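Below is one structure, written out as structure tokens, with a few remarks after it.
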Amino acid sequence: MRIVETEAYLGADDPAAHAFRGRSPRTDPLWGPPGTVYVYFVYGMHHCLNLAVDAPGVPGCVLIRAAEPLEEGTLPFDACRGPGRLCRALRIDRRLSGRHLFEDDPPLTLREGPSPPLVAVSTRVGIREAADRELRFFDPGSRAVSGRRTVV
DNA sequence: CCAGGGATCCCCT
DNA sequence: GGGGATCCCTGGC
């Protein structure tokens, strides 16, 4: 899969971040080292995948909102368009929360690939707090981006 | 547009 | 320990 849409959640400075309300058993992975997986369950039926990216003890994370298949035919093209669908397609659930990308036999792997020619920036989707912060990043050329594809 | 669906967390007993 | 609001969404009207 190629990741085409992400959002940043900044932790202590960001009222939209789960970490903003403080550390709890659910949110604990956010304080882990970069590459720690944080998965939460939302709206009674969806999971969302996040990766801790800040220094250990600093709960910044990236929400993975959409990806597209690298090879035609492996998955329906839009199976990973949107954070809930992406988790369903990749069979990601809370059991992965707290695991790590760089452990032995990791549950997920992340590889660096070519950057898209353009990365668009906008406000984040579906939040109420800090709704004006432009912390969503997406490839405007990808049809797998969820929701609005306009800037800001 | 709207509601389903269930974990989580807050805040009060 | 319990009731209720909330929620980083999606599919179906």
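Keep in mind it's a predicted model, so treat the numbers as computed, not measured. Quick note on labels: first sequence line is chain A, next is B, and so on, each numbered from 1.
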### Summary
So CG of A:Leu118 and OG of A:Ser115: to nearest 0.5 Å the spacing works out to 11.5 Å
### Task
I would like to know whether A:Ser142 and A:Glu68 meet side-chain hydrogen bond (donor to acceptor under 3.5 Å, both in side chains); could you show each step before the answer?
CA-CA 8 Å; A:Ser142 173; A:Glu68 61 181 39; 2.6 Å; yes
### Query
With side chains defined as the heavy atoms from C-beta onward, is the minimum distance between A:Arg143 and A:Val4 less than 4.5 Å?
no
### Task
Give the rounded distance in Å between these two atoms: CD of A:Glu7 and P of C:dC8.
10 Å
### Query
Between A:Arg124 and A:Asp14, is there a side-chain N and carboxylate O pair less than 4.0 Å apart?
yes
### Message
On a heavy-atom basis, which atom in A:Met1 and which in A:Pro69 lie closest, and how many Å separate them?
### Response
CE-N, 3.5 Å
### Task
Classify every nucleotide of nucleotides 2-12 of chain B by which part a protein heavy atom approaches to under 4.0 Å, writing B for the base, S for the sugar-phosphate alone and - for neither, in 5'-to-3' order.
--BBBSSSS--
### Task
Return each pair, listed once, that meets side-chain hydrogen bond (donor to acceptor under 3.5 Å, both in side chains) where at least one residue sits in residues 29-41 of chain A; pairs must be two or more places apart or across chains.
A:His18-A:Tyr38
### Test side-chain hydrogen bond (donor to acceptor under 3.5 Å, both in side chains) applied to A:Arg65 and A:Ser146, step by step
CA-CA 7 Å; A:Arg65 288 194 56 89; A:Ser146 69; 3.2 Å; yes
### Query
Between the base of C:dC8 and the side chain of A:Tyr40, is there a donor-acceptor distance below 3.5 Å?
yes
### Query
Are the side chain of A:Glu7 and the backbone of A:Ile64 linked by a donor-acceptor contact shorter than 3.5 Å?
no
### Message
Nearest 0.5 Å, please: how far is CG in A:Leu101 from OG1 in A:Thr109?
### Response
8.0 Å
### Message
With the threshold set at under 4.0 Å for non-hydrogen atoms, list the residues of residues 60-69 of chain A touching DNA chain C in residue-number order.
### Response
A:Leu63, A:Arg65
### Query
What distance separates A:Leu70 CG from A:Arg111 CZ, expressed to the nearest 0.5 Å?
8.0 Å
### Query
Hey, can you pull the residues of residues 79-93 of chain A with a non-hydrogen atom under 4.0 angstrom from DNA chain B?
none
### Task
Can you run down the ring-ring contact (aromatic ring centres under 6.0 Å, His included) pairs that involve residues 80-105 of chain A, sequence neighbours left out, and say none if there aren't any?
A:His100-A:Phe102
### Summary
Where DNA chain C forms runs of at least three Watson-Crick or G-U pairs (i with j, i+1 with j-1, under 3.5 Å), the stems are B:1-4 with C:9-12, B:6-12 with C:1-7
### Message
Could you check whether A:Arg2 pairs with A:Asp139 (Lys NZ or Arg NE/NH1/NH2 to Asp/Glu carboxylate O, under 4.0 Å)?
### Response
yes
### Task
Enter the distance from A:Leu75:CG to A:Cys80:SG here, rounded to the nearest 0.5 Å.
5.5 Å
